[in-house]
Amino acid sequence: MPDTPVPPAPSAMQQAPEKRHGQTTGSNVSPGQKLVVFDVGETLVSETAIWHRIARHLDLPPFTVSAAAGIALARNTGFEAILKQLGDFSAIAGEPWRRPDLLSFTADDLYDDVLPALKGLRQNGHKIGICGNQPASSEQVLHDLPCDIDWISSSARLKCKKPDPAFFKAIIDQTGHDPAHIIYIGDRLDNDIYPALHHGLEAIWLLRGPWSFAQWQENGVPDGIRAIRSLCELPGVLANTTIPAG
C-alpha cells in the first residue's frame with residue numbers, strides 16, 4: 001500500500017520496551033530462539049475489507065474489483081497502478097490510492113490465527129517483530145494488539161519498500177540481531193521470501209492471499225522454500241530443528 005508521512009512515535013510506545021519502534025530492547029536471542037518478523041498485508045491482516053471499501057467508493061461491484069486485481073496480478077501490476085486503472089474505469093473523481101480512510105485496517109481485519117500464533121511464539125521464548133509495506137498509521141493498530149511485540153516498524157518509517165535491499169538491511173540493523181537468528185514470514189516470494197533469504201535471513205512462505213495463490217499456481221512450492229498454510233503451524237514448526245518444505 002502507499003506510504004503516508006511518518007508521525008513521531010507516541011511517547012507511550014517509546015516507553016514500552018516490549019513494543020518499541022525502530023529499535024529492539026536486546027541485541028540477540030538465546031540459543032534456539034528466533035526473532036520472527038511478520039509481513040502485514042495478507043499475512044497478519046486480511047485485505048478483503050479494503051478492496052470492498054474501494055469497490056463502494058468507485059461504485060463498482062466487488063466482483064469487478066476482484067477480477068481487475070486478479071488481472072493486474074497476472075500482469076505484475078503494482079497496487080497503485082491497479083487502483084488508478086479502476087479509478088479511470090469508474091470515472092469517479094479523486095485518487096483512491098492516496099486515501100488512508102480507504103486503505104487503512106483495524107484489529108477486526110486480523111486473520112483468526114494471528115493472535116494464537118503470536119502468543120504461542122512468545123510462550124516458546126521467541127521474539128516478535130512486524131514490518132511490511134504499510135503506511136505509518138498501521139503501526140498504531142499493531143501496537144495495540146493484545147500480545148507482547150518486541151519491534152514494530154513500516155516501510156513508511158524505514159523510508160524504503162520491499163523488495164528493496166535497504167528494507168531488509170534496516171530490519172537487521174534496527175533490531176540488532178544476527179540475520180541467521182531472524183525469520184521473515186510473508187505471503188509473497190518476490191517481495192518477502194527471496195529477498196529475505198538473499199540477505200541471510202531465514203524465511204517461511206505463508207500460503208494465503210491472492211498474491212500467494214498466483215505464485216503457488218505457477219510453480220507450486222519451489223525447491224528449498226519452506227512453506228506453511230497457517231500461522232498456527234509456526235510455534236510447533238520452530239520447536240523442531242528443521243522446517244520441512246511445504
Side-chain angles (χ1 to χ4, degrees), residues 1-7 38-118 130-147 152 154-157 161-162 185-192 205-218 228-232:
M1 293 180 188
D3 294 335
T4 55
V6 182
F38 292 87
D39 171 46
V40 180
E42 291 304 323
T43 297
L44 301 180
V45 172
S46 169
E47 294 179 331
T48 300
I50 293 174
W51 287 103
H52 283 188
R53 284 197 296 273
I54 292 169
R56 288 194 299 271
H57 171 72
L58 297 176
D59 195 25
L60 294 173
F63 181 71
T64 299
V65 172
S66 297
I71 293 169
L73 274 174
R75 296 175 178 172
N76 198 28
T77 302
F79 183 79
E80 290 187 14
I82 298 172
L83 295 182
K84 185 177 187 305
Q85 291 168 6
L86 286 168
D88 292 343
F89 180 74
S90 72
I92 296 293
E95 299 178 321
W97 60 93
R98 300 186 187 279
R99 289 189 51 173
D101 59 316
L102 294 178
L103 304 178
S104 61
F105 61 85
T106 71
D108 291 336
D109 296 315
L110 290 177
Y111 278 106
D112 290 340
D113 58 0
V114 171
L115 293 180
L118 297 184
I130 301 175
C131 191
N133 285 355
Q134 295 289 325
S137 58
S138 68
E139 296 179 27
Q140 184 64 56
V141 177
L142 299 167
H143 171 269
D144 291 338
L145 296 180
C147 60
I152 300 174
S154 63
S155 58
R157 186 171 297 280
K161 296 181 179 182
K162 297 177 294 181
I185 314 296
D187 64 302
R188 292 181 59 169
L189 290 171
D190 57 337
N191 260 22
D192 304 320
W205 187 22
L206 178 61
L207 297 176
R208 77 164 157 222
W211 275 262
S212 178
F213 174 76
Q215 294 174 344
W216 171 87
Q217 185 186 44
E218 191 171 323
I228 57 175
R229 287 181 169 80
S230 169
L231 294 180
C232 285

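When reading the values below, keep in mind they use all heavy atoms of this one structure, side chains included, and skip hydrogens, waters and symmetry mates.
Rounding to the nearest 0.5 Å gives a distance of 11.0 Å between CD1 of I82 and CZ of R75. Atom NE2 of H57 is separated from atom CG of L83 by 9.5 Å, given to the nearest 0.5 angstrom. Within the model, atoms CD of Q134 and OG of S104 stand 10.5 Å from one another, a figure rounded to the nearest 0.5 Å. Atoms CH2 and CZ, on W51 and R56 in that order, are 14.0 Å from each other to the nearest 0.5 Å. In this structure, L142 CG and I130 CD1 are separated by 4.5 Å, a value rounded to the nearest 0.5 Å. Going from atom OH of Y111 over to atom OG1 of T43 covers 8.5 Å, rounded to the nearest 0.5 Å.
When side chains are defined from C-beta on, D39 does not count as touching I185, because their heavy atoms never get closer than 4.5 Å. A 4.5 Å side-chain heavy-atom check between L118 and F38 finds at least one atom pair inside the cut-off. Contact check for L44 versus L145: no side-chain heavy atoms found under the 4.5 Å cut-off. Using a 4.5 Å heavy-atom threshold, the side chains of D113 and R208 count as touching. A heavy-atom distance below 4.5 Å is not found between the side chains of S212 and L206. Side-chain contact between N191 and W211: absent, with no pair of heavy atoms (C-beta onward) separated by less than 4.5 Å.
Across all their heavy atoms, V40 and G132 have their closest contact at CG2-N, 4.0 Å. Between E42 and G209 the shortest heavy-atom distance is OE1-CA, 3.5 Å. Between A136 and A156, the shortest heavy-atom contact is N-CB, 3.5 Å. When all heavy atoms of A117 and C232 are compared, the pair lying nearest together is CB-N, 4.1 Å. The shortest heavy-atom contact between S154 and C131 is N-SG, 3.7 Å. Across all their heavy atoms, V141 and A107 have their closest contact at CG1-N, 3.7 Å.
In the displayed structure, D190 atom CG is contacted under 6.0 Å by more than 12 heavy atoms of other residues, nucleotides or ligands.
For the pair W205 (side chain) and I228 (backbone), a donor-acceptor distance under 3.5 Å is absent. Distance alone, capped at 3.5 Å, is enough to place a donor-acceptor pair between the Q215 side chain and the L189 backbone.
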Considering only distance and modelled atom types, tabulate donor-acceptor pairs under 3.5 Å from the side chains of residues 86-93, sequence neighbours left out.
unit_1, atom_1, unit_2, atom_2, d
D88, OD2, K84, NZ, 3.3
S90, OG, L86, O, 3.4
S90, OG, G87, O, 3.1
S90, OG, I92, N, 3.2

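Remark: S66 engages no residue in a side chain to side chain contact (heavy atoms under 4.5 Å, CB included) (not counting sequence neighbours).
Ion pairing between a basic and an acidic side chain is recognised when a charged N comes within 4.0 Å of a carboxylate O; K162 and D192 show such pairing.
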